[in-house]
Amino acid sequence: MTILIMGNVTLFAKLLPFPAVTIISGRALFSVILLGVFFLLRGKSVSYRSFKDFLSVFGIGIIFALHWVTYFHSIQVSTVAVGMLSLFTYPVFSAILEPLFGGKRPDPFAFFLACFSFFGLFLIVPDFSFDNQMFQGVVWGVVSAVLYAIRNLLTKEMHVHYPSAQILFTQLIATSIVLLPFASGLFEMISEPKYLLFQVVLAGIFTSLAHTIWIRSLSNLSVTTAGTLSTLSPIYGSLAAWYFLGEVPPDRIWLGGGVILFCAILEVFRKKAEGEKREEVG
């Protein structure tokens with residue numbers, strides 16, 4: 001269910017005719033309000049054991065803000081399919097970075113998968129020039145992928161000590177504070193009833209609910225595995241953009257996307273095999 005929700009969030013990057021920073025600012029602000037009401041009604045605490053922990057989660061929220069903005073900008077300058085497929089190189093980046101966070105060496109095979117994923121991106125891009133919008137979309141999507149992988153890894157470490165909703169709440173506060181000064185047109189966006197409704201739906205269902213469940217899943221799965229399981233999202237998102245926005249993906253998108261998703265799916269089976277091998281040894 002979460003995969004389906006997060007796969008369709010990309011539609012809002014096209015449905016809301018405002019800069020990515022403005023859309024994400026509104027998304028974060030409304031999510032903070034909704035989660036704040038939730039905490040008040042449930043009488044739940046949002047305190048941290050130390051100011052250092054709060055600063056850590058707040059800092060992760062800044063990374064989260066940059067991920068969101070670069071992701072939506074990627075979609076706006078290209079298409080939903082290009083933006084999503086570029087972002088979904090992040091399970092491979094997670095495979096490289098996750099061992100480093102644990103003080104281990106990255107698996108050489110993860111580097112091979114990363115190179116193969118970039119080959120998939122090569123198939124998507126018709127012209128390697130920043131004048132080409134598809135190329136711009138891929139570049140911003142890859143930047144977003146790296147930021148998302150880092151955010152997930154850092155969030156997983158903090159989730160050991162704090163509930164998922166509290167972590168998300170703090171990250172959204174950080175996102176709001178960082179982006180609001182640059183959110184040109186925010187008042188115009190929320191004063192229009194249609195766009196206000198879009199923002200409330202985006203904040204309530206596609207952010208507060210979906211990301212709380214996503215963070216919670218990180219406590220039971222590795223970041224790499226959790227990311228790989230979400231690789232169905234580009235399929236849902238591309239089909240939704242096709243139906244609602246009329247964005248018909250060219251043939252090269254399916255070919256390059258197939259390579260990228262193959263790498264991600266291969267990684268989850270590899271992780272599963274490694275886990276079973278460790279259990280046998282243990």
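Here, residue 1 is the first one in the sequence, and each next residue gets the next number.
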Worksheet, complete the sentence: Smallest heavy-atom separation, Gln133 atom then Val77 atom, equals CB-O, 3.0 Å
Practice prompt. Give a yes or no on whether Phe30 and Leu40 share a hydrophobic cluster (residues Ile, Leu, Val, Met, Phe, Trp, Tyr; joining criterion: side-chain heavy atoms under 4.5 Å apart).
Written response: no
Response to the item:
Separation between CD (Gln199) and OG1 (Thr22), nearest 0.5 Å, reads 9.5 Å
Worksheet item: Can we call the ring centroids of Tyr71 and Tyr148 under 6.0 Å apart?
Response: no
Discussion item. So which atom in Ser144 and which in Leu87 form the shortest heavy-atom distance, rounded to 0.1 Å?
Written reply: OG-CD1, 3.6 Å
Practice prompt. Kindly give the heavy-atom pair with the smallest separation between Ser47 and Ser45, and that separation in Å.
Written response: OG-OG, 2.9 Å
Worksheet entry | Derivation and outcome, side chain to side chain contact (heavy atoms under 4.5 Å, CB included), residues Val32 and Phe169 | CA-CA 6 Å; Val32 167; Phe169 182 62; 3.8 Å; yes
Fill in: Glu98 side-chain N/O to Leu153 backbone N/O, donor-acceptor pair under 3.5 Å
no
Item to complete: Verify the distance criterion only: is there a donor paired with an acceptor across the side chains of Thr170 and Tyr162 at less than 3.5 Å?
Response: no
Response to the item:
When rounded to the nearest 0.5 Å, the distance separating CG of Leu16 from CD of Gln76 is 9.0 Å
Response to the item:
Interatomic distance, CG@Leu154 vs OG@Ser56, rounded to 0.5 Å, equals 8.5 Å
Discussion item. Quick check: Phe64 with Trp68 (ring centres under 6.0 Å apart)?
Written reply: yes
Name every donor-acceptor pair, under 3.5 Å, that has one atom in a side chain of residues 175-188 and the other anywhere in the protein, sequence neighbours excluded.
{"unit_1": "Thr175", "atom_1": "OG1", "unit_2": "Gly61", "atom_2": "O", "d": "3.2"}
{"unit_1": "Thr175", "atom_1": "OG1", "unit_2": "Gln171", "atom_2": "O", "d": "2.9"}
{"unit_1": "Ser176", "atom_1": "OG", "unit_2": "Leu29", "atom_2": "N", "d": "3.4"}
{"unit_1": "Ser176", "atom_1": "OG", "unit_2": "Leu172", "atom_2": "O", "d": "2.9"}

Worksheet item: Nearest 0.5 Å, what's the CG-CG distance between Asn152 and Leu147?
Response: 11.0 Å
Item to complete: Could you tell me which non-hydrogen atom of Val143 sits nearest to which non-hydrogen atom of Thr70, and how far apart they are?
Response: CG1-CG2, 4.2 Å
Item to complete: Give the intermediate values and the outcome of side chain to side chain contact (heavy atoms under 4.5 Å, CB included) for residues His161 and Tyr48.
Response: CA-CA 9 Å; His161 308 292; Tyr48 286 85; over 6 Å; no
Fill in: Distance-minimising heavy-atom pair for Phe12 and Phe72
C-CE2, 4.2 Å
Worksheet item: Has the side chain of Lys14 got a donor or acceptor atom that lies under 3.5 Å from a matching backbone atom of Thr79?
Response: no
Worksheet item: Should His73 and Val21 be marked as a side chain to side chain contact (heavy atoms under 4.5 Å, CB included) after you check the CA-CA gap, both sets of side-chain angles, and the distance that decides it?
Response: CA-CA 8 Å; His73 184 67; Val21 173; over 6 Å; no
Item to complete: Give the C-alpha distance, both sets of side-chain angles, the deciding distance and a yes or no for side chain to side chain contact (heavy atoms under 4.5 Å, CB included) between Ile23 and Leu202.
Response: CA-CA 10 Å; Ile23 298 173; Leu202 177 60; 4.2 Å; yes
Worksheet item: Going by heavy atoms in the side chains, are Tyr195 and Phe18 under 4.5 Å from each other?
Response: yes
Discussion item. Ignoring hydrogens, what is the shortest heavy-atom contact between Gly83 and Ser78? Give both atom names and the distance.
Written reply: N-OG, 4.1 Å
